[in-house]
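Presented below is the structure to which this report refers.
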Amino acid sequence: MESLMKYINVIGRCAAQYRSEQLEQYGLNSRQHPYILHICRNPGISQEKLARAIYVNKSSVTRQLASLEQNGFIERTISSTDKRAMLVYPTQKALEVFPIVRKVLAEWNQYITEDFNAEELELLLKMLQKVRDKATSYVETRDET
């Protein structure tokens with residue numbers, strides 16, 4: 001049996017190339033879309049919660065947020081209730097690009113699944129959700145220790 005991760009990694013790299021091509025004109029790269037999505041949906045989210053939400057280590061979050069802040073997509077402020085926590089807010093620029101990011105992701109999903117009928121697509125999504133749930137349970141269990 002071939003490795004499941006081989007397929008997932010190839011799909012992920014192709015998706016990243018597509019996102020990079022589509023989002024470059026807006027000043028974003030392929031790794032920044034989950035930040036825009038989560039911050040626009042959850043203004044004031046802490047950097048720590050953001051890291052957990054998108055399953056990225058804290059140092060990577062800090063680097064990406066610094067870039068997004070420098071390019072005018074987000075603002076960070078120290079929490080008034082916990083001086084150790086940095087809260088992240090979208091700027092108008094992020095709010096304007098948010099629907100574009102969603103559109104790019106939807107177009108990619110449509111492209112890679114266009115040869116599936118409704119039943120196949122439903123089965124694929126159910127199986128991927130099951131794999132995702134197993135993977136995230138591993139990470140979340142480790143975070144508890």
Heavy-atom count check: over 12 atoms from other residues, nucleotides or ligands less than 6.0 Å from [X] [atom1]?
X: L128; atom1: CG; value: yes
X: R102; atom1: CZ; value: no
X: E119; atom1: CD; value: no
X: E24; atom1: CD; value: no

ask   = Would you say the side-chain atoms of N57 and S60 include a donor-acceptor pair closer than 3.5 Å?
value =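 Judged by distance alone, the side chains do pair up.
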query = Do Q32 and Y26 have side-chain atoms, one donor and one acceptor, less than 3.5 Å apart?
reply =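 The criterion, which ignores hydrogens and geometry beyond distance, is not satisfied for Y26 and Q32.
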If every non-hydrogen atom of [X] is compared with every non-hydrogen atom of [Y], which pair is closest and at what distance?
X: Q47; Y: T62; answer: NE2-OG1, 3.5 Å
X: T91; Y: G72; answer: OG1-O, 2.5 Å
X: G44; Y: L87; answer: O-CD2, 3.5 Å
X: A16; Y: S30; answer: O-CB, 3.1 Å
X: I54; Y: P34; answer: CG2-CB, 4.0 Å
X: A94; Y: C40; answer: O-SG, 3.7 Å

message = Testing V56, L28, I74 one by one against Y35 for a side-chain contact (heavy atoms from CB on, under 4.5 Å), which residue passes?
response =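 The option that passes is V56.
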ask   = K134 side chain to Q129 main-chain N or O, any donor-acceptor pair under 3.5 Å?
value =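 No, the answer is negative, given that no donor and acceptor are paired below the 3.5 Å cut-off.
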query = Hey, is the main chain of Y18 close enough, under 3.5 Å, to the side chain of E21 for a donor-acceptor pair?
reply =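 No, because the side chain of E21 does not come within donor-acceptor range (under 3.5 Å) of the backbone of Y18.
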Same apolar cluster: [X] and [Y], side chain cutoff 4.5 Å:
X: L95; Y: V97; value: no
X: L125; Y: F116; value: yes
X: Y89; Y: F73; value: no
X: Y55; Y: L65; value: no
X: M5; Y: V131; value: yes

inquiry  = I'd like to know whether L50 forms a side-chain contact (heavy atoms from CB on, under 4.5 Å) with S46, so could you lay out the CA-CA distance, the side-chain angles of the two residues, the decisive distance to 0.1 Å, and finally the verdict.
reply    = CA-CA 6 Å; L50 180 61; S46 72; over 6 Å; no
task = Mind running side-chain contact (heavy atoms from CB on, under 4.5 Å) on Q64 and N29 for me, showing each step along the way?
result = CA-CA 10 Å; Q64 289 300 329; N29 65 46; 4.2 Å; yes
Output the distance between atom [atom1] ([X]) and atom [atom2] ([Y]), rounded to the nearest 0.5 Å.
X: K103; Y: L23; atom1: NZ; atom2: CG; answer: 11.0 Å
X: R76; Y: L68; atom1: CZ; atom2: CG; answer: 9.0 Å
X: S79; Y: E48; atom1: OG; atom2: CD; answer: 12.0 Å

[Y] side chain reached by [X] side chain, heavy atoms, under 4.5 Å:
X: I36; Y: H33; answer: no
X: K126; Y: K130; answer: no
X: E120; Y: L124; answer: no
X: L105; Y: L37; answer: yes
X: R52; Y: K49; answer: yes
X: F98; Y: R41; answer: yes

